[in-house]
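A short worksheet on the structure shown next.
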Amino acid sequence: MDLIAETIAAIRPLDEAAMNAARAHQDRLTKPRGALGVLEELSVRLSGLAGACPPPMPEPAAVAVFAADHGVHAQGVTPWPQEVTGQMVGNFLAGGAVVNAFARQTGADVRVIDVGVRTDLPAADGLIVRKAAHGTADMTLEPAMTDGQVRAAVGTGIELARDLVADGHRCLVTGDMGIANTTASAALIAAFTGRAPENVTGYGTGVDEATRTRKIEVVRAALERAGLDERSDPLTVLAEVGGLEHAAIAGFILGGAAARVPVVLDGVIAGAAALAAAALAPDVRGACVAGHRSAEPGHAAALQHLELRPLVDLELRLGEGTGALLALPLVQSAVRVLHEVATFDSAGVADKA
C-alpha cells in the first residue's frame, strides 16, 4: 500500500459517543445552554475527532507554508512577477512576513517548504526543500503536473503532518505562497464543485477588472482542455489544473485527519486543496476547521461544498496562513471551555428550573 492509500485508509468518521459526551458536558457548564454558539459546535466536533471528551488542547500549533510556482503565470493572470514567490520565501525565513507576526502572536511554529518554487533557493535555516518540480506547466496547454509530481507533492504534505504530530504538535495550520495560485485555485474549485469559472474566480492580489476577465478565460480554457467534471479522479484533477502547493496542502490535511488532530484551513488556496482532500477521503472534513472566509468568491463556494462554517470573516485575501492563525485562539478557546469551566454542580451554582 502506498503512502497516500495508507493515509486515506487511516481516516475514520467522527466518534459519536465522544460528541454526545461533549454535548452533555456543555449543557452542564456554568452558562446558559448554547450560549457559546459556534464554539460549542466546534468543541463537540473536536471531541469527535479525538474520540474523547474533553479532547486534547490544540496546542502547540504549527503553520506549514508550502511554496510553489505556476506555469499559468505566462497567461497574464497577475501583474506580480513570478520571482516574488522565491523572494517571499526568504521573507518568511527572515521572520518578516505577516504570517510570522501572527504566528508569534499565537505561539505557533512556522515551517516553510519549497515544494515547487521555479528557482533553486539557497540553503537556509528553517527551509525544508521537497521540490517535486520547478513549478507547474501551463495548465491551459497541458497538465500542470505529471502523476508522479502530484503524488510526490501530496506525499510531502502527509509526511510533514506526520512529523509535526510526532514532534508533539496538536494543531496544524495551512499556509501557502505562489504567484498565480488563485487562478489554479479557481480551476480546482470549479472542477470539484461544478460551478462556472466566472462564479469562483476573484481578484486575487487585487488585479483590475480586465485581468480578472482574463483569469476567467484562462480558467475556462484549462478546464475545457482537461475535460474535467465532478466525476473525475481527484488526483487527476489536481494534476491537470492544480498547483504543487495545492497538492501538498491536500496531503497535509489528509495527514492531519489520519492523526486525528485538527487542521485549521486558511483561505482560497487551502479551500481548493481541502476539496481535493475531501474528494479523496470524505471523512477528512471532520478534521477541518475553516479559519476564515476570504474575499475570493471561490472560497465561499469551497466552504459551502465542504459544509464548513468559517470562524472569522474580515475580507482577508493575503494567504500565507494569516486568516487561519487569526482563528487559532478561537479553536483553542472552544476546547479550553471543556477543560476549565466549572459545571453547575461543581461550582454550587443553581441551574435553571
Side-chain angles (χ1 to χ4, degrees), residues 2-4 7 64-78 80-90 92-93 111-124 127-161 163 174-188 191 218-219 221-223 225-226 228 232-255 269-270 272-273 275-277 280 319-320:
D2 68 18
L3 177 61
I4 297 173
T7 303
V65 183
F66 295 96
D69 279 310
H70 296 260
V72 76
H73 181 275
Q75 294 297 325
V77 294
T78 175
W80 291 86
Q82 200 162 51
E83 290 75 18
V84 169
T85 301
Q87 291 165 356
M88 281 301 298
V89 168
F92 299 144
L93 296 171
R111 299 289 190 273
V112 183
I113 309 93
D114 173 5
V115 73
V117 180
R118 186 181 63 170
T119 55
D120 288 320
L121 302 174
L127 177 62
I128 302 171
V129 179
R130 296 289 187 274
K131 201 187 293 284
H134 289 77
T136 58
D138 184 344
M139 66 181 182
T140 65
L141 304 176
E142 59 184 305
M145 292 172 274
T146 66
D147 180 69
Q149 289 167 350
V150 76
R151 286 180 175 275
V154 172
T156 289
I158 291 172
E159 290 169 350
L160 183 64
D163 290 347
T174 71
D176 68 90
M177 181 62 216
I179 296 301
N181 63 8
T182 59
T183 301
S185 296
L188 287 171
V218 166
V219 169
L223 293 171
R225 177 203 57 75
L228 301 173
S232 299
D233 172 73
L235 289 178
T236 299
V237 176
L238 274 173
E240 290 285 351
V241 299
L244 290 153
E245 74 270 53
H246 293 102
I249 294 169
F252 192 63
I253 295 167
L254 291 169
I269 287 80
L275 288 172
L280 288 164
E320 301 180 6

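Computed from a prediction, not measured in an experiment: that's the story for all the values here.
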- [ ] Check L93 against A124 and note the closest heavy-atom contact, atom names and distance.
- [x] CD1-CB, 3.8 Å

Task: Interatomic distance, D114 atom CG to R130 atom CZ [nearest 0.5 angstrom] - done: 10.5 Å

- [ ] Output the distance between atom NZ (K131) and atom CD (Q149), rounded to the nearest 0.5 Å.
- [x] 12.0 Å

- [ ] First locate atom CE of M145, then atom OG1 of T236, and finally report the distance between them rounded to the nearest 0.5 Å.
- [x] 11.0 Å

Task: I128 side, atom CD1; D163 side, atom CG - distance, nearest 0.5 Å - done: 8.0 Å

Task: V112 and V89: CA distance, side-chain angles, deciding distance, side-chain contact (heavy atoms from CB on, under 4.5 Å) verdict - done: CA-CA 7 Å; V112 183; V89 168; 3.9 Å; yes

Open item on the list: Enumerate the salt bridge (Lys or Arg N to Asp or Glu O under 4.0 Å) contacts for residues 133-147, please, sequence neighbours excluded, ordered by first and then second residue.
Closed with: D147-R151

Open item on the list: What's the separation between atom CZ in F66 and atom OG1 in T156, rounded to the nearest 0.5 Å?
Closed with: 7.5 Å

Open item on the list: A side-chain contact here means heavy atoms from C-beta on lying under 4.5 Å apart; do L275 and L188 qualify?
Closed with: no

- [ ] Measure across A187 and V219 and return the closest heavy-atom pair with its distance rounded to 0.1 Å.
- [x] CA-CG1, 3.7 Å

TODO: Find the distance between CG (D176) and CD1 (I113) and round it off to the nearest 0.5 Å.
DONE: 11.0 Å

Open item on the list: Show the nearest heavy-atom pair for residues T146 and A239, with the distance to one decimal.
Closed with: O-CB, 4.4 Å

Donor-acceptor pairs under 3.5 Å, side chain of residues 242-255 to any protein atom, not counting sequence neighbours: which ones?
| unit_1 | atom_1 | unit_2 | atom_2 | d |
| --- | --- | --- | --- | --- |
| E245 | OE1 | H70 | NE2 | 3.0 |
| E245 | OE2 | H70 | NE2 | 2.7 |
| E245 | OE2 | N181 | ND2 | 3.1 |
| H246 | ND1 | G243 | N | 3.0 |
| H246 | NE2 | S185 | OG | 2.7 |

Task: Heavy-atom donor-acceptor pair, T85 side chain to G178 backbone, under 3.5 Å - done: no

- [ ] Report the residues that fulfil side-chain hydrogen bond (donor to acceptor under 3.5 Å, both in side chains) with E240, sequence neighbours left out, ordered by chain and then residue number.
- [x] R225

- [ ] Would you check if the side chain of H73 reaches a backbone N or O of W80 as a donor-acceptor pair within less than 3.5 Å?
- [x] yes

Task: Close side-chain approach of V84 and M177, heavy atoms under 4.5 Å - done: yes

Open item on the list: I'd like to know whether V72 forms a side-chain contact (heavy atoms from CB on, under 4.5 Å) with T136, so could you lay out the CA-CA distance, the side-chain angles of the two residues, the decisive distance to 0.1 Å, and finally the verdict.
Closed with: CA-CA 8 Å; V72 76; T136 58; over 6 Å; no

